[in-house]
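Please read the structure below before turning to the comments.
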There are 2 protein chains.
Amino acid sequence: MTDAFFSTAEEPAGKTSQTPAIGRPTEEELRQGIELLFFAYRDFTADPDSILEELGFGRAHHRVIHFLGRNPEITIGDLLVLLRITKQSLNRVLRALLAGGFVGQRTGTRDRRQRHLYLTESGAALEARLSMPQKDRVSKAFVEAGPNAVAGFKKVLAALLDPQERDRVLKAINRP
Amino acid sequence: MTDAFFSTAEEPAGKTSQTPAIGRPTEEELRQGIELLFFAYRDFTADPDSILEELGFGRAHHRVIHFLGRNPEITIGDLLVLLRITKQSLNRVLRALLAGGFVGQRTGTRDRRQRHLYLTESGAALEARLSMPQKDRVSKAFVEAGPNAVAGFKKVLAALLDPQERDRVLKAINRP
DNA sequence: CAAATAAGTCAATATGACTGACGCATTTTT
DNA sequence: AAAAATGCGTCAGTCATATTGACTTATTTG
């Protein structure tokens, strides 16, 4: 079996590599999609790294900052669910951000065990600075590819999400 | 199926959230694109992890296996360029794969300093096993989103690549 | 009051990346 | 032919991010 998974000669002559109108995508097309996603995501994530390095932060800090920007007053527990990491992993990152004055926390009023996190002014400034190159890249890509392509891009990415959580995630992304 | 994810009803009448025909995409749209990419990629990469864990391997091993499947007889140096990691980083991973019998190497004939790497039979089997869930996910997404959306997906991802290397990468992905 | 929950922390471990340095075999250049 | 450059392997040390497990404290809930 599998003597050449990515072999060039896997399709009979006469057929092309195009997606059939209704059937399953070809092996070739799937592989291309997978690799494209890999490379595009790699370039996409490479953008903010140099800024983070200046501050001695890593991508974990970036993620926290991003989601805090999007979800002000989120509790630790909810942030853990969102990031899908452990409390201990978050802790180190969060401590650094608190110490650096990028993030603040307030004790919950309804439940005083909870800590509500938020970006400080400098935290928000950092968020803006970090997201700038990514927004720039995505913006250029959207403009270049055109609105129709962008719609397809979003549609496919949405379909790639875990079906179980798709609605939840899309709702979170798409809220006003 | 969850249609109208990216409903346009979120902006006040008069303004639409469509990308302006020629202008810059809106902040909202950019943020959505960024987050969608993040979540979709996260789900996408989660697939093979359980298989890898069985074998005591990580994503680094997966990447090596994938690119070895795609580039049989590649040399160490070329693989390093492709993966953009250091020789030392690759070494540990490669040693494990060689020891496990998933990868073999041959001394080059033209230049005997070079090692040409290839997947063994069990390596190819593992590659197939790892890529199966990803292909499945992408396949379902492509079918669900439809050919037009897939074309847009690819177009945007290609536009997200670093301009400097775009041609090189696309050529590598898209070759026969 | 007892139990459950939210959070913080200590400790140990794993993975995957990095830099720097050095050695060996081989090829290329001078 | 000698010198330099190249391809690869490896030792040693570091770093960032993640993990699990166990324990504490404060607080809420049954």
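Only this structure's heavy atoms are used, side chains among them; waters, hydrogens and symmetry mates stay out. Letters A, B, ... are given to chains in the order of the sequence lines, protein chains preceding strands, and every chain is numbered from 1.
- Closest heavy-atom contact between A/L30 and A/R24: CD1-NH2, 3.9 Å.
- In this structure a side-chain-to-backbone donor-acceptor pair under 3.5 Å is missing from A/D78 to A/I74.
- Of the two residues near DNA chain D, B/I76 and A/Q88, the one whose nearest nucleotide lies more 5' is B/I76.
- Rounded to whole Å, the distance from CG on B/L94 to P on D/dG7 is 17 Å.
- Atoms CG (A/L83) and P (D/dT19) sit 10 Å apart, rounded to a whole Å.
- Applying the side-chain contact (heavy atoms from CB on, under 4.5 Å) rule to A/L80 yields the partners A/I76, A/I85, A/K87, A/L90; only residues at least two apart in sequence or on another chain are considered.
- In this structure, B/E144 does not pair ionically with B/R137, as no charged nitrogen and carboxylate oxygen lie closer than 4.0 Å.
- Using a 4.0 Å cut-off between charged side-chain N and carboxylate O, B/R106 and B/E73 make a salt bridge.
- Looking at A/R84 and A/E165, a side-chain N of the basic residue comes within less than 4.0 Å of a carboxylate O on the acidic one, giving a salt bridge.
- Contact annotation: B/Q105 side-chain N/O to D/dG7 OP1/OP2 distance is not under 4.0 Å.
- Checking side-chain atoms of A/T120 against main-chain N and O of A/G101 turns up a donor-acceptor pair under 3.5 Å.
- In this structure, B/R59 reaches the sugar-phosphate backbone alone: every heavy-atom distance under 4.0 Å involves primed, P, OP1 or OP2 atoms, never a base.
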Interface polar pairs with nucleotides 1-4 of chain D, N/O, under 3.5 angstrom:
none

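- Side-chain N or O atoms of B/D43 include one that pairs as donor or acceptor with a backbone N or O of A/D162 at under 3.5 Å.
- Residue A/H61 is in sugar-phosphate contact alone, with no base atom involved, counting any heavy-atom pair closer than 4.0 Å across all strands shown.
- Note on B/K154 versus A/E29: salt bridge recorded, some NZ/NE/NH1/NH2 to OD/OE distance being below 4.0 Å.
- Look at CG on B/L98: it is 12 Å from C1' on D/dG9, rounded to the nearest Å.
- A 4.0 Å heavy-atom criterion places the boundary nucleotides of DNA chain C facing chain A at C/dA4 to C/dC10, written 5' to 3'.
- Electrostatic pairing of A/D136 and A/K140 counts as a salt bridge here, judged by a charged N lying under 4.0 Å from a carboxylate O.
- Judged by distance alone, the side chains of A/E35 and B/H66 do bring a donor and an acceptor atom under 3.5 Å apart.
- Proximity of residues 39-55 of chain A to DNA chain C (heavy atom under 4.0 angstrom from any strand atom) is not detected for any residue.
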Could you go through nucleotides 26-28 of chain D and list every protein N or O atom that sits under 3.5 Å from one of its N or O atoms, giving the distance for each pair?
residue : atom : partner : partner atom : Å
D/dT27  : O2   : A/R113  : NH1          : 3.3
D/dT28  : OP1  : A/R112  : N            : 3.1

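- Annotation: the span from B/D47 atom CG to B/K135 atom NZ amounts to 13.0 Å, rounded to 0.5 Å.
- Residues passing the ring pair (Phe, Tyr, Trp, His ring centres under 6.0 Å) test with A/F44 are A/Y41, sequence neighbours excluded.
- Between D/dA18 and A/T86, no contact under 4.0 Å exists linking OP1 or OP2 to a side-chain N or O.
- Judged by closest nucleotide on DNA chain D, B/D78 is the one of A/R63 and B/D78 placed further toward the 5' end.
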